[in-house]
Amino acid sequence: MQVQQPLDLRGMKLFRGLIGPEEQRHLVEGLRDVVRAAPLFHPVTSSGKQMSVRMTSAGRFGWVSDRQGYRYSETHPAGIPWPAIPEIALEVWRMVSGTERMPECCLINFYDAGAKMGMHQDRDEADFDQPVVSISLGDEALFRVGNLTRGGRTESVWLSSGDVLVMGAEARLLYHGVDRIKAGSSMLLPRGGRINLTLRVVT
DNA sequence: AAGTAACA
DNA sequence: TTGT
C-alpha cells in the first residue's frame, strides 16, 4: 500500500484506492472470521427505531446502541467479547491516522442495497484529538459531509471499495452520513452490499 | 435521533 | 427529483 496525496473534504482526508484489490479480499476474509465469532445485529436507536445497517465490532470495545443509548461496550449484545481487529485494518491505521495510539474499536457496518445512515457526529469517544479512520469495501456509497452543527450546506461524494477516509483535527466532529448504496457497483462481496469499517481510539 | 417525513 |  502506497500513500498518495489525499483529497480534502471539509478537512476530512480521502485516500482514494489506498487498499488494493488483493488486500481488500484479504481483509474481507478476516472480517468473515470476526462475523463468525461476533454475529451482525440490527441496532435499535434510543428512540426505539431499528437502524437499517447491520453491525458488529472488533477490538477491546464495540459500539452498541439500544434503549439505554449509545456507548462502547467490552461485550457483544450476546455477552461475548469482541474478536481481534484484522491486521490489514491496523496497517491502514498506522499509515494514515497520524497518531501513536492504536485503535481500540473497529466498528463494522454492513449496508445492503437499501441501507442508509442518517447524519450524525461521532462523539461517544473520550478524546476527540484521536481521529476516526473509515474504510470502504464493496458497493459504492453516497457519503455526505455537513457541519459542526445540524443543518447548513452539505457536500456529497461517492466512496468506492478501497477508499480510506480520515476524520481528524477540525473535521473530527463534522456531521456525516450515508444516503445511498449503488447496488452491483462492486464484485468484492459475492452477495453485494457495502462494508464500512471505522477504527477509533475510545478511551 | 446513528430515524423519518415534510417541504422547497 | 434533489437537498435540507
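Every chain is numbered from 1, with letters handed out A, B, ... down the list of sequences. All heavy atoms count here, side chains included; hydrogens, waters and symmetry mates do not.
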(request) Could you state the atom-to-atom distance from OH of Y175(A) to C1' of dA2(B) in whole Å? (result) 11 Å
(message) Regarding S46(A) and Q68(A), do their side chains bring together a donor and an acceptor under 3.5 Å, going by distance alone?
(response) no
(message) Rounding to an integer number of angstrom, what distance separates dT4(B) and dA8(B) when you compare their P atoms?
(response) 23 Å
(request) Round to the nearest Å and state the distance from R144(A) atom CZ to dT4(C) atom C1'. (result) 7 Å
(message) Under a plain distance cut-off of 3.5 Å, with no hydrogens placed, do N196(A) and S134(A) share a side-chain donor-acceptor pair?
(response) yes
(request) Can you sort out the partners of T149(A) under side-chain contact (heavy atoms from CB on, under 4.5 Å), two or more places apart, ordered by chain and number? (result) none
(message) How many whole angstroms separate atom NE2 of H42(A) from atom C1' of dA2(B)?
(response) 14 Å
(message) Counting the atoms with a prime plus P, OP1 and OP2 as sugar-phosphate, which does R153(A) contact under 4.0 Å by heavy atoms, base, sugar-phosphate, or nothing?
(response) sugar-phosphate
(message) Need one value for D124(A): base, sugar-phosphate or nothing, where a base atom within 4.0 Å counts as base even if backbone is also close, heavy atoms only.
(response) base
(message) As a check on the pairing definition, encode DNA chain C in dot-bracket form, counting Watson-Crick and G-U wobble pairs whose two distances are under 3.5 Å, and using | for partners outside this strand.
(response) .|||
(message) Can a side-chain donor-acceptor contact be found between S73(A) and R71(A) if the only test is distance below 3.5 angstrom?
(response) no
(message) Do S136(A) and R194(A) pair up side chain to side chain, a donor and an acceptor below 3.5 Å, judged on atom types alone?
(response) yes
(request) Look at all strands and tell whether S46(A) reaches a base, only sugar-phosphate, or nothing, counting heavy atoms closer than 4.0 Å. (result) nothing
(message) Any strand counts, and the cut-off is 3.5 Å on both contacts for Watson-Crick or G-U wobble. Which nucleotide pairs with dA1(B)?
(response) none
(request) Ignoring hydrogens and angles, state whether a donor on the side chain of E140(A) or S186(A) is under 3.5 Å from an acceptor on the partner side chain. (result) no
What N/O pairs connect the protein and nucleotides 3-8 of chain B at under 3.5 Å? Give each pair on its own line.
residue: dG3(B); atom: OP2; partner: G118(A); partner atom: N; Å: 2.5

(request) Rounded off to whole Å, could you give me the CD-to-P distance for the Q121(A) and dA1(B) pair? (result) 9 Å
(message) Is it true that R123(A) and Y70(A) share a donor-acceptor pair across their side chains at a distance under 3.5 Å?
(response) no
(request) Verify whether one side chain among E125(A) and Y72(A) offers a donor that lies under 3.5 Å from an acceptor in the other. (result) yes
(request) Report the distance from atom CH2 of W63(A) to atom C1' of dA1(B), rounded to the nearest whole Å. (result) 11 Å
(request) Would you please say whether a donor-acceptor pair under 3.5 Å links the side chains of R144(A) and S156(A)? (result) no
(request) Indicate, with a heavy-atom threshold strictly under 4.0 Å, whether G152(A) touches base, sugar-phosphate, or nothing. (result) sugar-phosphate
